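No experiment lies behind these values; they were computed from the predicted model shown. Whatever order the structure lists them in is the order used to number ligands and atoms, beginning at 1.
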Amino acid sequence: MTIALSDVKKIYQMGDTPVAALAGVTLTISAGEFTAIMGPSGSGKSTLMNILGCLDRPTSGSYVLDKQEVSSLTDDELALTRNKKIGFVFQNFNLLPRITALDNVALPLVYAGVEGKERKKRAAEALAAVGLENRMDHVPNELSGGQRQRVAIARALVNEPTIIMADEPTGALDTKSGNEVMDIFKKLNAAGRTIILVTHEPDIAAHAKRVIHVRDGLIVRDTERDE
Ligand code: ADP
Ligand code: ADP
């Protein structure tokens, strides 16, 4: 599951003025990498994540995901690729407040057409993988912020994606919960999953093996940490 961007540009038209959110990004991320994307506000991080996550397409350039050119897919094909291959984690968890942790985690399986009993089994396994086997029947406001984010990670995992993309996953958490969430990402990465996260916190980025710095729509630094 290699990711390969080649001279990717994303141009937004602001009235008559084109704004290059990405100005020509070339980037390869191999299967099993743990990469953090850093950069100041407005540098293009979200745009890059949206393209990597198949939520949006480049204006020009090529994006090959797992040997498939995705920049020319239709919306439906893009959604299919996204749902099959990528799990998303957000800063504010995005859980449904009125249903239990188990039902939140099972939701992607409802859309995937998995039947009820199998759904519950797989959702329970995903919750166990993030250490929440004892919290399955709690609704989100009965859980701490860190626990809610772990539920969200379980939901991202339940379709068994090969890539997890997380946008500021620790942004709403205290340091201790944030580190617990990062420990889970490390564990998932050790089990072979590709992790890509956006953060502006150097302490959080330091958990990743590779840190990519974006500025003005370009990669300005790309460093690998020695193990
Ligand atoms: P970051 O996530 O690093 O804050 P973004 O990717 O959100 O950066 O934005 C990069 C640049 O593209 C900024 O100048 C932003 O104003 C612009 N931009 C992002 N999304 C849009 C949009 N939908 N329409 C117009 N300009 C946009
Ligand atoms: P979506 O709403 O799904 O993001 P868009 O309306 O942005 O789709 O784009 C539709 C198609 O046109 C896509 O294939 C996109 O890559 C392409 N496209 C969008 N903007 C431009 C542009 N400025 N120049 C060339 N192609 C573009």
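Near ligand 1, heavy-atom contacts under 4.0 Å come from Y12, M14, A21, P40, S41, G42, S43, G44, K45, S46, T47.
Atom CG of D216 has 12 or fewer neighbouring heavy atoms from other residues, nucleotides or ligands inside a 6.0 Å radius. Heavy atoms of other residues, nucleotides or ligands lying less than 6.0 angstrom from CZ of R215 number 12 at most.
In the model, H207 has no side-chain atom that pairs as donor or acceptor with a side-chain atom of D183 under 3.5 Å.
Shortest non-hydrogen contact noted between Q68 and L73 is NE2-CD2, 4.0 Å.
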Could you pull out all donor-acceptor pairs under 3.5 Å where a side-chain atom in residues 112-131 meets a protein atom, sequence neighbours excluded?
residue : atom : partner : partner atom : Å
E115    : OE1  : K117    : N            : 3.2
E115    : OE2  : E118    : N            : 3.4
R119    : NH1  : V114    : O            : 2.9

Q: Kindly indicate, with the supporting measurements, whether the criterion side-chain hydrogen bond (donor to acceptor under 3.5 Å, both in side chains) is fulfilled by N189 and K209.
A: CA-CA 10 Å; N189 177 244; K209 291 181 192 156; 3.1 Å; yes

